[in-house]
Every structure is written in structure tokens, then in C-alpha cells.
*Asks:* 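One structure is given below, represented as C-alpha cells, and several questions about it will come after.
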Amino acid sequence: MRSAAIIGAGITGLTAAFYLKRKGVPVTVYEASDRVGGAIESIRTEGYLAEFGPNTILETSPKVTQLVCDAGLAPRRLDPDPRAEARYVVRYQRPIEMPGSPLGFFTTKLFSAKAKLAVLREPFVRPRRDGKEESIAEFVVRRLGQEFLDHAIDALVAGVYAGDPYKLSVPQAFPKLAQLEARYGSLIKGQIFGARDRKRRGEVAKDRAPKFSFDQGLQVLPDTLREQLGEAVRLNTAVTRLTQTPDGWTLDLRARGQQTRAEHSAVIYAGTAFKLAELEVQAAAPLHLNTFAEIRYPPVASVVLGFRREDVAHACEGFGMLIPKVEGFKILGAIFSSSLFPNRAPAGHLTLTSYVGGERNPDLASLPPEKLFALTCEDLRVLLGVKGKPTFQHSIFYPRAIPQYNVGYGRFRELMSDIEQKAQGLFFAGHYRDGISLSDTIVSGCNVADRVGEYLAAAPAGQREVGVPA
Ligand SMILES: Cc1cc2nc3c(=O)[nH]c(=O)nc-3n(C[C@H](O)[C@H](O)[C@H](O)COP(=O)(O)OP(=O)(O)OC[C@H]3O[C@@H](n4cnc5c(N)ncnc54)[C@H](O)[C@@H]3O)c2cc1C
């Protein structure tokens with residue numbers, strides 16, 4: 001029986017396992033921790049529903065919609081309140097609503113007249129053709145000017161990657177931007193003319209894609225996939241070593257202090273890059289997995305605070321606020337969680353989810369919870385007029401949160417493709433390879449299931465899956 005092992009029960013691994021099982025492939029998912037979901041973490045307590053990792057899924061691909069349907073979750077899908085469209089960016093120490101139309105752009109107080117003129121000039125800035133890999137900061141300054149970087153893109157980059165715009169690579173971290181410039185010569189022209197191409201491919205741009213969650217938070221998705229996979233998911237089971245055999249791969253497993261082994265025809269690595277670097281491996285050719293230790297994951301703390309409605313001066317209606325570094329706050333931004341979805345806070349209360357750390361302030365993320373609550377409350381006091389003590393406070397520390405697709409990241413991706421060529425039956429998928437958003441990781445899980453399905457269908461029969469003591 002040709003079977004597949006999936007290392008990691010985050011959303012990538014569970015999606016891959018779910019679709020392989022539907023193709024009739026026997027699968028086993030090995031997860032080192034005692035829970036499924038990886039970075040996804042929703043907690044319901046004291047009348048609050050708190051999300052610590054991702055807050056929403058962006059419906060950028062039909063594969064995302066399909067997974068929700070195939071998992072039987074369409075009735076539990078929760079779309080955000082349509083009034084929660086507004087997004088704020090902090091300038092002059094207060095949140096200013098981002099313009100939603102060209103007219104709004106020319107009247108907004110977010111940018112000076114000079115910055116607005118720079119945007120008007122953008123279609124006439126010559127595209128770069130020398131092949132140099134630029135950081136997002138270099139790219140934005142060249143096309144739109146320094147003010148646009150400092151007061152908009154810097155905040156966006158902190159909100160998405162918790163990253164440093166002077167390090168993140170345009171082609172690696174923002175491939176769509178690089179493609180717009182390469183194909184249309186301009187971001188603005190690309191926005192206008194690219195819409196037709198995206199429609200043909202069935203894709204939706206990230207800034208326009210509908211976002212959603214589930215009635216009990218995002219954790220519903222991994223929990224449901226796990227239920228449907230049943231015994232195939234093995235929690236508290238770390239894969240420590242891979243050995244290539246004539247029939248496939250032997251996995252050394254560590255489960256509650258016990259060492260065991262399992263054999264599979266194919267292996268999908270859907271864990272994190274830093275854990276990949278720690279895997280011992282014995283294969284026909286050297287694989288150099290330790291190189292992946294160089295991928296940087298900055299620390300982030302998620303701080304979820306509840307307040308009485310009357311203790312917050314700002315209406316907090318909208319998605320949330322992004323904060324550029326030049327404004328000098330400690331938090332990277334905040335999501336107006338209870339404005340987005342109805343069941344996040346008890347009646348008369350609201351929930352704000354703030355992020356601390358990232359490349360901007362890595363040392364702050366590991367502060368003890370009491371200090372995190374205090375610094376977050378202080379920033380929220382200045383920005384949103386929060387007073388009084390929180391009625392709910394909870395934080396989670398992600399020591400290594402999000403991989404930074406910095407300039408030069410392409411060499412890691414090339415190495416992954418190279419290893420897949422050399423080490424037949426070993427596949428890589430997930431946030432460290434195919435994009436960091438939940439929608440990217442779902443698509444990555446779907447695609448790797450197809451690749452492994454084809455590989456197993458083409459591979460010779462006679463392979464076995466057995467758990468044997470080491
Ligand atoms: C704080 C935070 C906020 C975010 N916000 C958003 C957001 O709003 N929207 C969005 O789209 N995305 C967001 N993301 C990104 C998104 O959540 C992640 O990129 C995505 O969940 C990663 O999924 P994954 O399955 O690839 O990896 P992970 O979720 O990291 O799962 C990998 C799993 O593999 C396991 N593992 C690793 N090595 C081994 C091993 N050797 N043996 C067994 N198991 C192993 C780990 O224990 C883990 O459970 C956020 C991420 C963070 C951290």
C-alpha cells in the first residue's frame with residue numbers, strides 16, 4: 001500500500017492530508033505538539049472569543065472556498081459585518097481612515113500634497129529592467145516616494161509580516177507587485193488592466209478578497225479537518241529523522257518519550273523552516289537541510305484585551321489600525337475584533353487584538369504578560385481613548401512567528417526544489433515556501449496533495465506502512 005506521511009498538523013498539513021485521503025491514499029499526520037492548527041489559535045473563555053494567530057482567511061482562490069465546502073463548513077462560515085470595511089492608519093498620533101476611492105485619496109489627511117503627486121506620477125516612472133532584487137522599501141521609494149513608504153507601506157508590512165521593509169524582498173514577499181511592474185510597467189496601470197487577467201484565472205487580489213472566519217473562530221477549520229481524518233492524526237509525535245529507503249522513507253518518531261519508526265512511500269514536510277533545519281536526514285544525496293536555519297522568524301506577542309464599550313472613546317468600527325514605525329508606538333497595530341465578527345465579546349464590551357514585537361521591536365515580544373498588557377493599554381489610551389482596566393486580558397508569545405521572505409530568499413526556495421528532485425518522494429509545502437497567508441497555505445496544501453497523488457500513482461507498488469519499534 002503506497003502511503004504518505006505528513007509532518008505537521010498546521011493548516012497546510014491538514015489540508016494536504018484531507019485531500020490525499022479523498023484520493024484514496026492512506027495518510028498519517030505527525031504533529032509534535034498536543035493540538036492541531038499550528039499558528040491558528042482561537043480560545044473561548046469568559047464570554048470572549050479570542051484569536052491569537054490569524055484572525056481571518058482571505059478568499060483569494062477558489063481552492064479556499066472549495067475546502068470550506070468539502071469540509072462541510074459552509075454553514076459555519078462567518079462573514080464580517082459589512083460596516084467593518086474601514087481600515088485605519090495612524091498619522092499625527094491618531095488613526096485616520098484609509099481612503100476607499102480615488103476621490104478619497106486626494107482629500108485624505110493621511111498624505112501630503114507632495115505624496116499625492118508622487119502617486120499621480122507613478123504610471124510614468126520607468127520600470128526597473130536590470131533584474132536587481134529590490135527590498136520593498138527600495139521599490140516603494142523608487143515608484144511612490146519616501147512618504148508613502150514611511151506612512152503607509154511600513155505599517156502594512158508590519159501588519160502582514162511583522163517585518164522590516166528594508167529587508168523584505170519584492171519578488172519573494174510581494175510577487176504580485178513585482179509582476180505588475182514587469183507586465184504593465186506600473187502599479188496603477190496594473191491595478192486597472194490586471195483585474196481582467198485575475199478574473200480569467202479565478203483569482204481575487206488580496207486587497208479586494210472577501211475575508212471570513214467561522215462561528216467559533218478559525219480553529220474550527222483545523223479541528224474539523226482533524227475530526228474527518230480521525231486516527232490518521234497523531235498528536236505529541238515529533239518526527240526526528242528521515243531515512244531514504246528503496247521503497248520510500250523511514251521516519252523516526254518521538255512520541256511521549258517513546259522512540260518508534262514508520263515507513264511511508266512519500267513524505268510531505270509541512271512544519272516550520274527552523275524545525276526542518278533540525279531534522280536528521282539520511283538520503284542517497286546530501287540534502288543540506290541545516291541551511292533552513294538561516295530563515296528568520298521574528299518573535300511576536302498577540303495581546304487580546306476586552307474593555308467596557310463606554311471605556312473606549314473611538315468607535316472602533318472597521319477592520320483595525322496599522323501603525324507606521326515613525327509614529328513611535330510600541331504595538332505594531334490592532335484589530336477591532338468584535339467589530340469584525342459579532343460573537344467576540346460579551347454584550348456592552350469590545351475586543352481589541354494587538355501585536356507586539358516583530359522585526360521592529362523584537363525584544364518587547366518576550367516581555368511578561370503584565371508588562372505587555374500595560375504597554376498595549378498605554379498605546380491604546382493615546383490612539384483610541386481607552387480608559388479603565390481591561391475586563392479581559394490574555395496574551396500568547398510566538399517565539400518564532402512568521403518567516404521573513406527577505407532579499408535572497410529565492411535561494412531557499414531553489415534548494416527546496418533541488419531537494420525534491422534529488423530525494424524522490426520528499427515534498428515541501430506551507431508558509432515557508434508558498435506564501436505566509438492562510439489562503440496561500442491552503443492552496444499550498446491542495447497543490448502538494450495533487451503532486452503527491454500523482455507521484456504515488458506513478459511509483460511502483462509493493463510499499464508498506466508499518467509502525468515498528470526502533
Ligand atoms: C501571530 C500571527 C498572526 C497571523 N495573522 C494572519 C492573518 O491574519 N491572516 C493570515 O492569512 N495569516 C496570518 N498568519 C500566518 C498564518 O497563520 C500561517 O502562515 C499559517 O497558519 C501557517 O500554517 P502552516 O500549516 O504552514 O504552518 P504552522 O501553522 O506553523 O504548522 C506547522 C506545524 O508543524 C509542526 N511541526 C514542525 N516540525 C515538526 C516535526 N518535526 N514533527 C512533527 N510536527 C512538526 C508544528 O508543531 C506545527 O503545529 C499569522 C501568523 C501568526 C504567527
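Counting starts at 1 for both ligands and their atoms, following the listed order. Only this structure's heavy atoms are used, side chains among them; waters, hydrogens and symmetry mates stay out.
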*Asks:* Indicate yes or no: at least one non-hydrogen side-chain atom of Ile136 is less than 4.5 angstrom from one of Leu177.
*Replies:*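 Yes, close enough: below the 4.5 Å cut-off.
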*Asks:* Check each N or O atom of ligand 1 against all protein N or O atoms and list the pairs under 3.5 Å, with atom names and distances to 0.1 Å, one per line.
*Replies:*
{"residue": "ligand 1", "atom": "8 (O)", "partner": "Asn55", "partner atom": "N", "Å": "3.4"}
{"residue": "ligand 1", "atom": "11 (O)", "partner": "Leu438", "partner atom": "N", "Å": "2.7"}
{"residue": "ligand 1", "atom": "19 (O)", "partner": "Ile436", "partner atom": "O", "Å": "2.6"}
{"residue": "ligand 1", "atom": "25 (O)", "partner": "Ile11", "partner atom": "N", "Å": "3.0"}
{"residue": "ligand 1", "atom": "25 (O)", "partner": "Thr12", "partner atom": "N", "Å": "3.0"}
{"residue": "ligand 1", "atom": "25 (O)", "partner": "Thr12", "partner atom": "OG1", "Å": "3.2"}
{"residue": "ligand 1", "atom": "26 (O)", "partner": "Thr12", "partner atom": "OG1", "Å": "2.7"}
{"residue": "ligand 1", "atom": "26 (O)", "partner": "His431", "partner atom": "N", "Å": "3.2"}
{"residue": "ligand 1", "atom": "26 (O)", "partner": "His431", "partner atom": "ND1", "Å": "2.8"}
{"residue": "ligand 1", "atom": "27 (O)", "partner": "His431", "partner atom": "ND1", "Å": "3.1"}
{"residue": "ligand 1", "atom": "29 (O)", "partner": "Ala39", "partner atom": "N", "Å": "2.9"}
{"residue": "ligand 1", "atom": "38 (N)", "partner": "Tyr269", "partner atom": "OH", "Å": "3.3"}
{"residue": "ligand 1", "atom": "41 (N)", "partner": "Val239", "partner atom": "O", "Å": "3.0"}
{"residue": "ligand 1", "atom": "42 (N)", "partner": "Val239", "partner atom": "N", "Å": "3.0"}
{"residue": "ligand 1", "atom": "44 (N)", "partner": "Ala32", "partner atom": "N", "Å": "3.0"}
{"residue": "ligand 1", "atom": "47 (O)", "partner": "Glu31", "partner atom": "OE2", "Å": "2.7"}
{"residue": "ligand 1", "atom": "49 (O)", "partner": "Glu31", "partner atom": "OE1", "Å": "2.8"}
{"residue": "ligand 1", "atom": "49 (O)", "partner": "Glu31", "partner atom": "OE2", "Å": "3.0"}

*Asks:* Between Tyr161 and Phe174 (judged by ring centroids, cut-off 6.0 Å), do the two rings come close enough to count as a pair?
*Replies:*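 Judged by ring-centre distance (under 6.0 Å), Tyr161 and Phe174 do meet the cut-off.
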*Asks:* Sub-3.5 Å donor-acceptor pair from the side chain of Gln259 to the main-chain atoms of Asp252, do we have one?
*Replies:*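 The answer is no, because no donor-acceptor pair under 3.5 Å joins these two groups.
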*Asks:* Are the side chains of Phe319 and Thr56 in touch, meaning some heavy atoms are under 4.5 Å apart?
*Replies:* yes
*Asks:* Decide yes or no for Ile57 and Val68: does some side-chain heavy atom of the first lie under 4.5 Å from some side-chain heavy atom of the second?
*Replies:* no
*Asks:* Under 6.0 Å from the six-membered ring centre of Phe274 and within 45° of its axis: does the NZ or CZ of Arg400 meet both?
*Replies:* yes
